[in-house]
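Down below is the structure, laid out as structure tokens.
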Amino acid sequence: MTNQELWKAALGEIELELSKANFLTWFKNTAIADQKEGVITVNVPNTFIKEWLEDKYHKLIIKSLRNYSRDIRNIEYNISSGTLADAPKINKTKDAEKETSAPESQLEFREFQIDKETNLNPRYTFETFIVGEFNEMAHAASLSITKNLGHLYNPLFIYGGVGLGKTHLTQALGNSIKQSNPDIKIKYLSSEKFASDFVSAMQNADIPAFKTKYRKYDVLILDDVQFLASKMKVQEVFFDVFNELYDNNKQIILSADRPPKSFKELEERIRSRFEGGLMAHISEPDYESRLAILKAKAEAKKFNPSNEILEFIASYMQTNIRELEGALNSIIARERFSGRPTALEEVKEILNKNAQPKKILTAAQIIKAVAGFYNIEEKTLFEKTRKKEVVQPRQIAMYLLREDFNGSYPYIGQKFGGRDHTTAIHSYLKVAQDIKKGGRVVEEIKTIRENLYNTA
């Protein structure tokens, strides 16, 4: 594959991830200039685009290139004036030309046409949200809230692993509220942005203005609230804002990658507030839901693969929705590049090539994850106590050491304060029996595993 062919194939994948205006603005007149010892040099027309690609799209670019060459380790960007002879031709419509007449205008465009007032992305709607057993409670609660703001479920706390649709659902909820009530003041933002605003207010000695700004909203949607767990000063001001909104029946919607009780450094009063409304878990989608999601996304992308291919992807990719879409995008890009339908064997090859090896865990990592989830100190798991709040976490830690670490029963017993191997056997069988019965323990173990395997 020549450099031009490689870049053309990568651009095919990148185009699927971006709005048309963004793609045309940042990738027109770019080309691979050199490839040496795993480092790709990409020529770009000016400094502005060089910095933007480095800051905003570097991970996407390297991921797309590695789908076609696993030897690529890094990318360097080189400014090359004038039109690049080797750059793949990118055609743009008249509408796109208006939107991308100059790179500076793109700063005003905002990726995916995000509403500047609310921060909501209009493409996230209830109509495009696929509902299955894995998310039906969270979806039903969200629909209910639109008809009874601030009174029914307040706050609504949605939690689940990476790439399961939390952002889609919370933004769909915000968009639905705004559509029905145009005068309502809504704000969607990440907890990191909330913390950043607070730090700026501190530096400017203007905390009252910061609080006033957030208290004015009728609906506050805060994403990734686990980010607040280790930031005590931010927690204090958030608690004040939360109480003000809550006391005035303003709707609060929160999302996180795990339930509040697993936030080790979250103040008890805030954890209690989080748990005071409705907590709705989004788990991993089952096969039928994964297949339905794939069909919907393929239709939206005007891609019509065979049922056999969609069924294979749905059975192969079992972790989250984001991975499903990534697999679908890889296959669409392959078809665009080759100009012919992709056979099932080629799909298998693509997915096997892109599959990430399962993370190898240590016993210490498992024990730390369990203790963190249940908000207890690690040393407590080793103590000889029969307190219920310690016994179950210890049994689950032993179960995971057997299942995910493949430790022997004698090893597991010794690891937990020199206990006999029969204790480890009993713990394993007890948890296995609880899993068969279903219920809370199943979701708790799922979340612990998500935290273990999805973190670096």
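Source: prediction; values computed, not measured.
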State whether the side chain of N119 and the backbone N or O of Y188 hold a donor-acceptor pair below 3.5 Å, judged by distance alone.
yes
Are the charged groups of K213 and D197 less than 4.0 angstrom apart, N to O?
yes
In chain order, what residues pass the salt bridge (Lys or Arg N to Asp or Glu O under 4.0 Å) check against D206, with sequence neighbours excluded?
none
Assess whether atom CD of E389 is packed by more than 12 heavy atoms of other residues, nucleotides or ligands within 6.0 Å.
yes
What pairs with D71 under side-chain contact (heavy atoms from CB on, under 4.5 Å), at least two apart in sequence or on another chain?
S69
Would you tabulate the side-chain donor-acceptor contacts of residues 253-260 under 3.5 Å, counting partners in other chains and residues two or more places apart, or write 'none'?
from: S255; atom 1: OG; to: D223; atom 2: OD1; distance (Å): 2.2
from: S255; atom 1: OG; to: D224; atom 2: N; distance (Å): 3.4
from: R258; atom 1: NE; to: S262; atom 2: OG; distance (Å): 3.4

Under the rule for ring pair (Phe, Tyr, Trp, His ring centres under 6.0 Å), what residues qualify as partners of Y124, not counting sequence neighbours?
H168
Output a table of donor-acceptor pairs, distance under 3.5 Å, between side-chain atoms of residues 299-310 and any protein atom two or more places apart or on a different chain; print 'none' if there are none.
from: K301; atom 1: NZ; to: E325; atom 2: OE2; distance (Å): 3.3
from: K301; atom 1: NZ; to: N329; atom 2: OD1; distance (Å): 3.2
from: S306; atom 1: OG; to: I309; atom 2: N; distance (Å): 3.3

Kindly confirm or rule out a cation-pi arrangement of K348 over F312, judged by NZ or CZ under 6.0 Å from the six-membered ring centre and within 45° of its axis?
yes
Are E444 and R440 close enough for a salt bridge, meaning some N to O gap below 4.0 Å?
yes
Output yes when E450 and K446 qualify as a salt bridge under the 4.0 Å nitrogen-oxygen rule, no when they do not.
no
Examine distances only and state if a side-chain atom of T170 and a backbone atom of T167 form a donor-acceptor pair shorter than 3.5 Å.
yes
Just list the side-chain donor-acceptor pairs under 3.5 Å for residues 139-151, sequence neighbours left out, or say none.
from: S142; atom 1: OG; to: A138; atom 2: O; distance (Å): 2.8
from: S144; atom 1: OG; to: A140; atom 2: O; distance (Å): 3.0
from: T146; atom 1: OG1; to: L143; atom 2: O; distance (Å): 2.5

Given 3.5 Å as the limit, does a donor-acceptor pair link the side chain of K178 with the main chain of I184, or not?
yes
Less than 4.0 angstrom from a charged side-chain N to a carboxylate O is my criterion; do E284 and R449 meet it?
no
Roughly how far, to the nearest 0.5 Å, is the CZ atom of R215 from the NZ atom of K250?
11.0 Å
